[in-house]
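First the structure, in the form of structure tokens, and then the observations on it.
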Amino acid sequence: MTTPEEDTNTTRALQGLDSSSSSVRLRAVLAVGTTPDPRFVGRLVERCGIEPDFYVRDMLTWALTRHPSTVTVPKLIGELRSERAQARSQALHTLSKIGDRRAWPAITRELLTDGDDEVARSAWRAAVVLVPEGAESELAGVLATQLGRGERETSLSLSRALIALGEVITPALHAATTSRDPRVRQHANATERLLRDPEAGFEFAIEEAKRVSVLGTGGQEG
């Protein structure tokens with residue numbers, strides 16, 4: 001049970017979340033996380049969706065992980081339906097840090113294929129953390145539909161998510177290597193290379209995949 005003084009301090013800290021100063025907001029979130037109180041979870045979740053500073057958002061996630069998942073998870077799942085991309089992305093990121101698999105049903109195909117790259121990337125990371133045993137192959141199939149998407153960071157995020165699932169991704173990757181889209185083929189080949197040799201490096205794997213695409217499977221000119 002919190003004391004009246006602790007209540008006053010936490011309430012004051014919550015007021016600091018609306019400060020124009022990011023350092024004040026950062027200290028405010030730290031104070032709330034240091035003295036967890038389920039009554040303030042809603043306010044923290046709400047702030048996640050609009051907070052402009054990366055470090056403050058990271059601290060918000062930390063503060064939420066300090067609270068009971070029975071309180072945080074339902075509110076974060078509610079944010080996944082938000083029209084604001086940042087709210088969806090940050091909720092997914094926080095769910096991945098909490099790691100409560102009861103959130104798995106909320107990681108929908110719509111989120112995994114979200115039109116916003118940051119939301120999709122957060123969904124991929126959350127999915128590989130929360131996926132229940134036996135559902136990995138189905139998840140790999142959905143993730144494989146996103147091969148060839150986006151710039152380097154998005155491509156790398158997807159490859160990392162797929163590789164985290166292990167060998168179950170092989171059939172989906174093999175199918176993608178026959179795609180008519182060269183970007184999909186190259187991304188699939190690069191991901192296969194990284195699965196076999198994690199030390200290869202993403203840039204090297206992509207360049208090798210491009211050579212394979214041009215020269216043929218053997219990688220040698222005739």
**Message:** Could you report the tightest heavy-atom contact between Ala123 and Leu111, atom names first, then the distance?
**Reply:** CB-O, 3.5 Å

**Request:** Output the distance between atom CG (Leu158) and atom CD1 (Ile163), rounded to the nearest 0.5 Å.
**Result:** 9.5 Å

**Asked** Do Trp124 and Gln146 come close enough that some side-chain heavy atom pair is under 4.5 Å?
**Response** yes

**Complete:** CD1 (Ile169) and CG (Leu162) are apart, to the nearest 0.5 Å, by 5.0 Å

**Prompt:** salt bridge (Lys or Arg N to Asp or Glu O under 4.0 Å) between Arg88 and Asp114: does it pass, once the steps are laid out?
**Reply:** CA-CA 10 Å; Arg88 300 195 302 278; Asp114 196 284; 3.2 Å; yes

**Message:** I need the Lys75 NZ to His67 NE2 distance, nearest 0.5 Å.
**Reply:** 11.5 Å

**Request:** Using a 4.5 Å cut-off on heavy atoms from C-beta on, say whether the side chain of Met59 contacts that of Leu44.
**Result:** no

**Item:** Heavy atoms from other residues, nucleotides or ligands near CD of Glu153 exceed 12 (cutoff 6.0 Å)
**Value:** yes

**Message:** Under a 3.5 Å threshold, yes or no: a donor from one side chain and an acceptor from the other, between Arg183 and Gln186?
**Reply:** no

**Validation row: Thr145, Arg109 side chains within 4.5 angstrom (heavy atoms)** = yes

**Message:** Quick one about Ser21 and Ser23 (side-chain donor to acceptor, distance below 3.5 Å, no hydrogens or angles considered), yes or no?
**Reply:** yes

**Asked** Salt bridge between Arg149 and Asp117, side-chain N to carboxylate O under 4.0 Å?
**Response** yes

**Request:** Verify the distance criterion only: is there a donor paired with an acceptor across the side chains of Thr61 and Gln90 at less than 3.5 Å?
**Result:** yes

